[in-house]
Amino acid sequence: MDVDPGMQRRLLDLAAVDTELTQLRHRLGALPEEKDVERLARERNAAKDAAVAIGISIDDLDTDIRRLEGEVDAVRRRLERDQQLLAAGSAPAKQLSEIQHEVGSLERRQALLEDEMLGVMEQREALQSDHDRAGAQLDHVESQLVEAEKLVQAAVGDLDERIADRTTARAAVVGDIDSALIEAYDRQRERSGVGAALLRARRCGGCRLELDRGEIARIAAAPPTALIRCSECGTILVRTFESGL
Ligand SMILES: [Zn+2]
């Protein structure tokens with residue numbers, strides 16, 4: 001394929017804009033801000049789980065408290081009844097003595113239940129402050145997550161804008177180049193990742209290999225309009241004064 005040297009050099013502009021586009025797309029796919037969002041989302045889930053687990057423990061304690069309240073009530077009612085019977089003094093002596101005995105054990109039972117209740121209430125209080133702390137931690141992580149998501153949106157917006165700008169620039173360069181040459185360039189780019197590159201100091205700008213003397217002689221002998229390719233990677237080699245020919 002014969003190509004005007006000016007148009008060959010235009011391929012370098014195309015390769016430059018394609019490199020920019022590749023880098024921008026790569027950055028879009030590997031945003032550090034995205035990693036922050038993932039980490040914070042994990043932290044948020046852990047904080048939520050912790051708060052939920054404490055909440056469940058508090059519910060369990062509330063169930064214990066209600067049970068203890070019921071038992072204390074029952075003991076209290078029984079005591080009142082016994083005390084009324086004792087005050088009336090109308091029961092037979094043997095029964096009164098049994099009631100007296102029961103009052104003693106009910107009072108001990110009541111004291112035990114009240115102690116137990118106190119312990120459970122203290123536990124509940126401690127868990128409540130754990131729960132408050134976990135809630136505050138959850139709020140904190142959630143607001144960090146919202147901020148991190150905003151940063152991702154901003155970064156994506158910025159990159160999208162630059163990709164759109166470079167895509168427009170690419171179209172302008174493509175407009176200057178023969179479609180057959182663009183096809184050759186695109187095919188090579190699919191194969192090796194680089195469509196065209198500068199031959200600089202006898203080195204292929206695509207695969208970075210230094211061309212041997214015979215190859216350099218062949219290229220130097222070719223007319224300026226000849227389309228040269230790297231014998232190693234196939235990249236279209238554009239010759240300039242930097243080529244070392
Ligand atoms: Zn090469």
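Order of appearance sets the numbers: ligands from 1, and atoms from 1 within every ligand. Any value given below was found using the heavy atoms of this structure, including those in side chains, with hydrogens, waters and symmetry copies removed. Predicted model only: the values in this text are computed from it and were never measured.
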Item to check | Interatomic spacing from CZ in R124 to CD1 in I58 - rounded to 0.5 Å | outcome: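 Result: 5.5 Å between the selected atoms.
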Checklist entry - What are the protein N/O/S atoms, named by residue and atom, that sit under 2.8 Å from the Zn ion (ligand 1)? => result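 The answer, once waters are left aside, is C204 SG, C207 SG, C230 SG, C233 SG.
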Item to check | Pairing of R66 and D62 as salt bridge, 4.0 angstrom limit | outcome: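 No, this pair does not count.
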Checklist entry - Between E80 and R77, is there a side-chain N and carboxylate O pair less than 4.0 Å apart? => result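 Between R77 and E80 there is no salt bridge, as every charged N stays at least 4.0 Å from the carboxylate O atoms.
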Checklist entry - Near R191 CZ, under 6.0 Å, is it more than 12 heavy atoms from other residues, nucleotides or ligands? => result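 Yes.
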Checklist entry - Between Q137 and R133, is any side-chain donor less than 3.5 angstrom from a side-chain acceptor? => result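 Per modelled atom types, Q137 and R133 side chains form no pair under 3.5 Å.
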Compile the donor-acceptor pairs under 3.5 Å between side chains in residues 31-51 and protein atoms, sequence neighbours left out, one pair per line.
from, atom 1, to, atom 2, distance (Å)
R39, NH1, E43, OE2, 3.0
N45, ND2, A41, O, 3.4

